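All heavy atoms count here, side chains included; hydrogens, waters and symmetry mates do not. Just so we're clear, the structure is a prediction, and the values are computed from it rather than from any experiment.
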Amino acid sequence: MKRLKKIIGIAFLILFAGICIAFVLNYPKLTILTGYSAKNMNSSVFIANRSLEFTDLNDNNFAPVNLADDEVNMNNRTSVASVFGLKERKAIYREGLGSVLIDDDFDENIPVLIPQRTKIETRLSYPYGQLEQKDTVFTTVDYDKINRTITSIFDTNGEYIKKTRAVLVLYKDQIIAEKYIDGLNKDSKLLGWSMTKSVLSTVYGVLQKQGAINIQDKAPVSAWQNDERKEITINNLLQMNCGLEWDEDYGSISDVTKMLYVDKDMTIPQIHKKAIHKPNEYWYYSSGVSNLLSGILRKQFKSYQEYLDYPYREFIDKIGMNSMLIETDMTGNYVGSSYAWATVRDWGKFGLLYLHKGNWNGEQIFEPSWVDYVTTPSPTSEGDYGGHFWLNAGGFYPDAPRDMFSANGFQGQRVFIIPSKDLVIVRFGLIGDAGVDFNTFLKEMVDSIE
């Protein structure tokens, strides 16, 4: 009996020691975990107007984020997250700028500038105005097949596998299918995550059209001027082929998680990374590059207000994406890597703008050649990536058209643009390829149109 008790005691000590070691090793990660939960909760409640309960049950309902406890103060528009009372993080909402994680040094009482927005009213129907479309029936469309295909990527009968939240299909500028889960509708704002990168790229396309920038110029980064990094161009950054070191690992304390959930100024981290390859020799996905581009964008304007206004005035509001909001970091930079919100229909407008090569109801927002640029494969990307857009030139989706390109975001956010079919497909969800077979989905959708 004594021997058994001794064995049990040793086993308990080993288990306790293991728990302690695991806690010590993972404790620093709680900063990222609670930061994610507080930020996402704040944005969901105060940008998307969803409840704490809905956000906990849906947006933040995955491991290990679901370990965090969140509190929301509706009066102060703040949210706080912690895990068992540890590593408390706070996010605040600022009208026009969205939600931002803050640290102890942040002064919430300092007034901030906000973007000046313009809503253009027309007597036109969607996508060029606010009126509902009249029903249009295309004889070349198999509507039954499209609806079956869309239904196939939504969960049914209590499933929680595919996690699709919304799908919109646009053909020849007409909505031919649209579906949402319970709790969401055409007016719900959804986070595009890394689809924001494609929005940022578009701003550069507008600047290029206006002659305000040349993307083939060397990147104007003063810290690079005395070493080999001075050869990096804006084009290299847009194509993510700059050769700079970067760790895009979301499962650890990495460059990207520290940038999004710790850093005050998200435009800086990539600047301080060393060159490990020459430009155009190595493609590597980096959200740090996108936020560096946001910082370069800010330097193109004489005032901060001009920087805030430009994306909306020259592009977003011009095409009626009035629901879109791009969030800023603690120092006021647009988080061009990750934080644009809009309704599904407004994300559809973004796809249509590219389908029509920058022409929006007669107004040229960017040059048609910009579409050629963003769909030109970045060297060494194997045909998968262009100018902050994903491509199918290399056949990543083997059964989808090779001319298809897309804005992609975390958890399977997608705006697919298929010029050969005059088609835009928008999908929002809470899981990507692990839950949805996009190749089969795209094949079936394309096959539904003659």
Side-chain angles (χ1 to χ4, degrees), residues 39-40 42-43 46-48 91-102 106 112-118 189-208 210 212-213 215 219-221 234 237-238 240 256 259-271 286-319 321-342 346-347 350 365-366 387-389 407 409-410 413:
K39 163 67 180 61
N40 211 39
N42 196 273
S43 295
F46 296 107
I47 296 175
I92 66 170
Y93 174 77
R94 299 173 295 174
E95 191 70 37
L97 301 177
S99 301
V100 62
L101 273 174
I102 62 173
F106 188 86
V112 294
L113 296 175
I114 64 172
Q116 304 301 306
R117 304 290 300 268
T118 301
K189 295 179 184 178
L190 294 167
L191 176 58
W193 286 108
S194 285
M195 295 203 301
T196 312
K197 293 177 172 70
S198 301
V199 173
L200 175 68
S201 173
T202 305
V203 179
Y204 272 85
V206 177
L207 280 169
Q208 178 104 336
Q210 295 176 350
I213 204 168
I215 61 169
V221 180
I234 296 171
L237 298 174
L238 284 166
M240 294 202 181
V256 68
M259 177 184 70
L260 290 175
Y261 303 111
V262 177
D263 290 335
K264 294 175 183 287
D265 186 340
M266 298 189 197
T267 70
I268 291 177
Q270 186 72 89
I271 290 176
S286 166
S287 291
V289 159
S290 302
N291 287 328
L292 169 56
L293 282 165
S294 181
I296 292 173
L297 176 67
R298 185 169 177 172
K299 293 176 182 177
Q300 305 309 305
F301 304 98
K302 294 179 180 179
S303 71
Y304 177 56
Q305 187 68 60
E306 289 179 277
Y307 166 73
L308 286 177
D309 293 347
Y310 187 85
Y312 294 107
R313 185 185 70 236
E314 300 298 329
F315 150 45
I316 295 169
D317 287 343
K318 273 192 175 182
I319 69 169
M321 292 179 68
N322 302 119
S323 70
M324 176 162 278
L325 185 149
I326 310 174
E327 297 177 278
T328 60
D329 64 18
M330 277 189 275
T331 56
N333 302 298
Y334 284 125
V335 185
S337 66
S338 311
Y339 291 154
W341 292 75
D346 276 358
W347 283 110
F350 180 66
I365 306 298
F366 51 77
H388 266 45
F389 278 81
F410 175 55
Q413 322 314 326

Going by heavy atoms in the side chains, are [X] and [Y] under 4.5 Å from each other?
{"X": "Pro311", "Y": "Val199", "value": "no"}
{"X": "Asn322", "Y": "Asp317", "value": "yes"}
{"X": "Leu292", "Y": "Leu237", "value": "yes"}
{"X": "Ile316", "Y": "Asp346", "value": "no"}

- request: Run the numbers on Ser194 and Phe410 for side-chain contact (heavy atoms from CB on, under 4.5 Å), then give the verdict.
  value: CA-CA 6 Å; Ser194 285; Phe410 175 55; 5.6 Å; no

Closest contact, heavy atoms only, [X] versus [Y]:
{"X": "Ser198", "Y": "His388", "value": "OG-O, 2.7 Å"}
{"X": "Met259", "Y": "Gly288", "value": "SD-CA, 3.8 Å"}
{"X": "Lys318", "Y": "Arg313", "value": "CG-O, 3.4 Å"}
{"X": "Gln300", "Y": "Pro220", "value": "NE2-CG, 4.5 Å"}
{"X": "Arg117", "Y": "Met321", "value": "NH2-O, 3.6 Å"}
{"X": "Glu314", "Y": "Gln210", "value": "OE1-NE2, 3.0 Å"}

Under a 3.5 Å distance rule, please check whether [X] uses its side chain to pair with a backbone N or O of [Y] as donor and acceptor.
{"X": "Ser294", "Y": "Ser290", "result": "no"}
{"X": "Gln208", "Y": "Ile215", "result": "yes"}
{"X": "Tyr304", "Y": "Gly332", "result": "yes"}
{"X": "Lys197", "Y": "Ser337", "result": "yes"}
{"X": "Thr196", "Y": "Tyr339", "result": "yes"}

task: Go through the steps to decide whether Glu327 and Ile47 satisfy the test side-chain contact (heavy atoms from CB on, under 4.5 Å), and finish with yes or no.
output: CA-CA 10 Å; Glu327 297 177 278; Ile47 296 175; 3.3 Å; yes

- request: Please test Leu297 against Leu207 for side-chain contact (heavy atoms from CB on, under 4.5 Å), starting from the C-alpha separation and ending with a verdict.
  value: CA-CA 9 Å; Leu297 176 67; Leu207 280 169; 3.3 Å; yes

Mind checking the [atom1]-[atom2] spacing from [X] to [Y]? Nearest 0.5 Å is all I need.
{"X": "Phe366", "Y": "Ser201", "atom1": "CZ", "atom2": "OG", "value": "8.5 Å"}
{"X": "Leu101", "Y": "Asp329", "atom1": "CG", "atom2": "CG", "value": "11.0 Å"}
{"X": "Ile326", "Y": "Ser338", "atom1": "CD1", "atom2": "OG", "value": "12.0 Å"}
{"X": "Gln270", "Y": "Ser286", "atom1": "CD", "atom2": "OG", "value": "3.5 Å"}
{"X": "Arg94", "Y": "Thr328", "atom1": "CZ", "atom2": "OG1", "value": "4.0 Å"}
{"X": "Asp309", "Y": "Ser303", "atom1": "CG", "atom2": "OG", "value": "7.5 Å"}

- prompt: Can Tyr334 and Tyr307 be said to form a ring pair (Phe, Tyr, Trp, His ring centres under 6.0 Å), step by step?
  reply: CA-CA 9 Å; Tyr334 284 125; Tyr307 166 73; 5.1 Å; yes

- request: Check whether the side chains of Asp265 and Asn333 place a donor and an acceptor atom closer than 3.5 Å, and report yes or no.
  value: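 Note: Asp265 and Asn333 side chains meet the donor-acceptor criterion.
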
message: Before you tell me yes or no, could you show the steps for Leu191 and Asn40 under side-chain contact (heavy atoms from CB on, under 4.5 Å), namely the whole-Å CA-CA distance, both residues' side-chain angles and the distance that decides it to 0.1 Å?
response: CA-CA 9 Å; Leu191 176 58; Asn40 211 39; 4.1 Å; yes

Residue Lys299 excluded, over 12 heavy atoms near NZ under 6.0 Å: yes

